[in-house]
Structures are given as C-alpha cells and as structure tokens.
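Indexing begins at 1, ligand by ligand and atom by atom, following the structure's order.
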Amino acid sequence: PAAAAAATTPEEGLAGSVEESEKISAAEKSLLQKVIRKGLVENHHDLEVQRKDPNSPLYSVKTFEALNLRPELLKGVHAMGFDAPSKIQETALPTLLVDPPQNMIAQSQSGTGKTAAFVLAMLSRTDVTKNYPHVVCLSPTFELAIQTGEVAKKMAKFCPHIRIRYAVRGEEIPRGSQLDDHILIGTPGKLLDWGTKLRCFDLTKVEVFVLDEADVMIATQGHQDQSIRIHKLLPKSCQMMLFSATYDEDVMKFAEMIIRNPVVLKLHREQQSLDNIKQHYVVCKSKEDKYRSISNIYGVLTIGQAMIFCHTRKTASWLAETMSREGHAVALLSGELEIDQRINIINRFREGKEKVLITTNVMARGIDVEQVTMVVNFDLPVDQNGRADCETYLHRIGRTGRFGKSGVAINLVDGPRSMQVLQFIEAHFKRPILRLDAEDVDEIE
Ligand code: ADP
C-alpha cells in the first residue's frame with residue numbers, strides 16, 4: 001500500500017486520537033438517543049425486582065385500564081398510541097401509583113419506557129386543587145427537561161387544569177412571587193435556586209420527587225451535590241423515584257443515598273447480535289479509493305437507509321463534501337453542530353428525508369437507528385491504542401433480535417493494520433466477513 005501515500009496517509013483512520021471537541025457528553029448522547037427513538041425498544045429479559053420488605057406485595061399489570069387512572073389521563077395515554085404497558089411499566093406503574101406511596105429505583109436501557117412511566121405517575125399524583133408545586137422532576141440538562149416536559153404535556157392533553165412549568169435557564173420568576181404551578185420540571189441548579197434563594201416555591205411541600213437520568217446526572221459536574229441538597233430539603237413523606245439507563249456502582253451509591261427503602265427494578269439490556277447481518281469488506285488503497293468504493297455502491301446504499309462511520313470529524317466532513325460535490329445526497333452529523341442542528345439532522349434522517357448519514361464514531365455511539373439497512377465502516381472502530389473495538393462494532397451493526405430484520409455491513413479496509421483489525425473482529429464474533437469487489441455491486445444483497 002506504499003503507493004497510496006501520495007494524497008493521504010493510508011490508515012489515517014487508525015491513528016486513534018480524537019479531537020477533544022469531538023467528545024460528546026453523556027447528556028447529549030442521551031438526548032440524541034431520545035430524539036432518534038421512534039418507539040419502544042424490545043426487551044425479552046425478565047424484570048429483576050429487589051425490595052427490602054418482602055411482605056409488601058408487588059403488583060404488575062398487563063393493561064393501562066387495570067391502573068384505575070383518571071379517565072382523562074387514560075385517554076391521554078391512549079392518544080399517544082400506547083396500547084399496553086412496556087415491560088418496565090407493567091411493574092413500575094402499579095408500584096408508583098399504590099398508596100401509601102413507595103420509593104423506587106429503576107434501571108433499564110434507554111427506550112424501554114421509563115419516562116412515560118414516571119410522567120404518568122407524576123400526572124396521576126397531581127392534585128389540581130393544590131395551587132403550588134408539589135410534583136418535581138430533576139433532569140440533567142435544559143434539553144432533557146424539555147423532552148420530559150413535552151411528554152408530560154402530551155399525556156396531560158385531556159387534563160387542562162394541570163399546570164407544568166420548566167425550571168431551566170432562561171426562565172425567570174419575578175422576585176417575591178410564588179409559583180402556582182403543580183409540576184416543576186428542571187435542572188438541579190435552577191430548582192435549588194428557586195427553592196432556596198428565590199423561595200418561589202416550598203420544597204417542604206413537595207409530595208413527588210423524580211430524579212431522571214441519574215447516570216447522566218452524576219456525570220455532570222456539580223449536579224450530584226445540588227441534587228443531594230434539594231433532596232435534603234424534601235419532607236420524609238415525599239415519594240422519591242430515581243431512573244437510570246445504566247447500573248454501575250457509582251449510580252447505585254448515589255441512588256441509595258437519595259432513595260430511602262426503595263423497590264429496585266432492573267431490566268437487563270437486550271443482547272445485540274450479528275445473526276441477521278451480512279458482513280462484507282472491500283480492500284481499498286487510500287481514503288480516495290474508499291470514497292470511490294462508496295460512490296460505486298451509492299445506488300445500493302440508497303435502496304434503504306445507510307449510515308457511514310468515520311473515525312475523525314475531518315474525514316467525515318471531507319467525505320460529506322466530496323460526495324455532495326459529486327451530486328450524492330448525504331447528511332453529515334458532526335460534533336461541531338449545535339445541539340438543535342444535530343436534532344434536526346437526526347429527525348430528517350429518521351423521517352427518511354436523507355438516505356445516507358455520515359457521522360463520526362464518537363457522535364454515533366449509543367445511537368441506534370432501527371431502520372438503517374446498511375452500515376458502512378469507512379474506518380473500522382478502534383480504541384485509543386488502535387486495537388479493534390468489538391463492542392462498538394457490534395453496537396453499530398448488530399440488531400436486537402428483531403425478527404426478520406436483516407442488514408448489511410460493509411467495512412472498508414486500507415492496509416495491513418486495518419486488515420488485522422478486521423480479522424480480529426471476525427474471529428471475535430465467529431461470523432464470516434466476506435470480501436467484496438466494490439466494482440461488482442450485484443454481490444451485495
Ligand atoms: P426511556 O425513558 O426508557 O428512554 P421512553 O419512556 O422515552 O423510554 O419510551 C421510549 C419510546 O417508547 C418513546 O417514543 C415513547 O413514546 C414510547 N413508549 C413508551 N411507553 C410506551 C408504551 N407503553 N407503548 C408504546 N410506546 C411506548
């Protein structure tokens with residue numbers, strides 16, 4: 001491959017170092033994931049339930065009707081297109097709605113219905129005759145708070161008397177005034193400010209306290225302390241619930257500090273597999289050669305929808321520009337975009353307005369696009385030391401056992417090092433990755 005050195009260094013994708021600015025925060029990942037999600041993530045695991053008091057019975061329901069919700073709330077749930085509770089909701093909802101109120105820690109991956117569960121519990125416990133905030137939800141960021149608020153507003157569509165207010169940056173309350181909203185959804189800093197400095201609501205009157213995205217919360221500087229300070233001011237009788245997508249030690253330590261005597265629900269992540277995926281590789285000489293391969297298969301890429309992963313933002317931008325210049329319609333999701341722009345691009349892609357999305361490894365981590373039929377690794381996923389990153393590979397290409405859903409993966413290899421990475425991945429998953437001639441598109445199916 002020495003001949004390829006003229007235009008670009010071959011294998012520059014394996015260089016490892018990713019620009020600092022390209023890293024995205026846990027909060028952004030979580031937000032993008034929410035935006036990109038269309039419906040529930042399937043999960044076939046059994047729910048694991050732990051509780052301190054085994055004498056208190058735990059119910060589960062198979063229908064929303066069985067929850068004895070107010071009719072206007074039930075109507076709201078149905079209007080959102082929810083026919084039956086998700087797996088976590090089956091057990092979480094009756095537990096959250098029972099009297100006396102129970103505390104809860106619930107962990108399950110993004111997309112399994114946690115938000116809908118606690119929003120329903122919040123609305124169900126809202127008493128519109130109490131004209132002060134008595135239901136409070138903490139979210140790690142402005143955007144995540146808005147997402148939750150939008151779910152609440154949709155679900156409360158037929159409950160016109162419930163008032164919801166955001167406690168986020170940009171929301172100002174005149175000094176000396178008292179809030180008469182029932183529900184506050186906001187970030188820890190702002191809520192603490194309102195509750196302790198501005199005193200526009202009384203934390204000792206809060207009856208329901210939700211801490212969402214606990215894992216993101218503790219990953220965000222200062223949020224953990226602020227959450228604990230808020231928590232300390234709540235009355236003992238307040239129902240407390242905490243939700244998290246992951247379940248590591250730090251999160252659990254924090255959760256147990258905040259939530260007294262909880263019912264703990266845990267839904268293990270569904271395994272992804274490569275079973276339905278046809279994997280190929282194409283041997284290329286350089287970046288330009290990789291581009292030509294993609295160009296050749298562009299027609300195949302756009303039969304369904306495709307995502308192309310590059311190692312660095314620079315490569316991703318270059319590829320997007322080059323493809324656009326040649327008249328190929330592609331979208332670029334990159335770290336330099338504002339969060340609104342990213343959401344816009346993801347939404348357009350999800351709606352099928354764009355058929356090919358080019359992105360970097362970092363941007364796309366944790367994002368699943370179910371309808372993507374083809375994944376191209378412009379650069380193979382590697383860790384900081386340039387070694388094969390099998391986990392990322394699986395996450396990107398694998399599917400969670402959706403029956404009958406198949407996909408195609410194409411890996412572009414440009415030298416002995418990336419060939420080694422490819423062989424490592426092939427050996428790791430024990431699934432063949434077949435060589436493909438990009439000139440001969442008919443082979444891909
Ligand atoms: P999480 O908070 O765990 O990420 P969400 O509550 O946001 O999950 O739910 C993920 C997606 O599934 C959302 O689009 C939501 O509207 C939808 N959803 C939630 N509960 C149900 C349900 N019972 N039936 C159908 N769709 C649901």
**Message:** Please confirm whether Phe243 approaches ligand 1 to less than 4.0 Å, judged on its heavy atoms.
**Reply:**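 It does not; every heavy atom stays at 4.0 Å or beyond.
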Output side-chain donor-acceptor pairs under 3.5 Å for residues 152-163, partner residues at least two apart or in another chain, one line each.
from: Arg163; atom 1: NE; to: Asp180; atom 2: O; distance (Å): 3.3
from: Arg163; atom 1: NH2; to: Asn131; atom 2: OD1; distance (Å): 3.0
from: Arg163; atom 1: NH2; to: Asp180; atom 2: O; distance (Å): 2.8

Is the closest basic N to carboxylate O distance between [X] and [Y] below 4.0 Å?
X	Y	value
Glu143	Arg169	yes
Lys62	Glu90	yes
Arg431	Asp275	yes

Pull out every atom of ligand 1 sitting under 4.0 Å from any heavy atom of [X], numbered as shown with elements.
X	value
Ala116	6 (O), 19 (C), 20 (N)
Ser110	4 (O)
Phe64	23 (N)
Ala84	22 (C), 23 (N), 24 (N)
Ser86	23 (N)
Thr112	1 (P), 3 (O), 8 (O)

**Asked** Any nitrogen or oxygen of Gly113, main chain or side chain, under 3.5 Å from a nitrogen or oxygen of ligand 1?
**Response**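 Min N/O separation from ligand 1 is below 3.5 Å for Gly113.
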**Prompt:** Taking the side chain as C-beta and beyond, is there a heavy-atom pair between Leu233 and Thr196 under 4.5 Å?
**Reply:**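 With C-beta onward as the side chain, the pair touches.
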**Item:** Residue pairs passing the ring pair (Phe, Tyr, Trp, His ring centres under 6.0 Å) test where at least one lies in residues 98-122, sequence neighbours excluded
**Value:**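 Every pair satisfying ring pair (Phe, Tyr, Trp, His ring centres under 6.0 Å) with a residue in residues 98-122: Phe118-Phe243.
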**Item:** Under 3.5 Å side-chain donor-acceptor pair for Tyr393 and Asn411
**Value:** yes
**Request:** Can you figure out which of Glu213, Gln89, Met155, Gln107 has its heavy atom closest to atom 20 (N) of ligand 1?
**Result:**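 Heavy atom nearest to atom 20 (N) of ligand 1 belongs to Gln89.
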**Prompt:** For atom 1 (P) of ligand 1, which candidate among Ser244, Gly111, Ala245, Ser108 provides the closest heavy atom?
**Reply:** Gly111
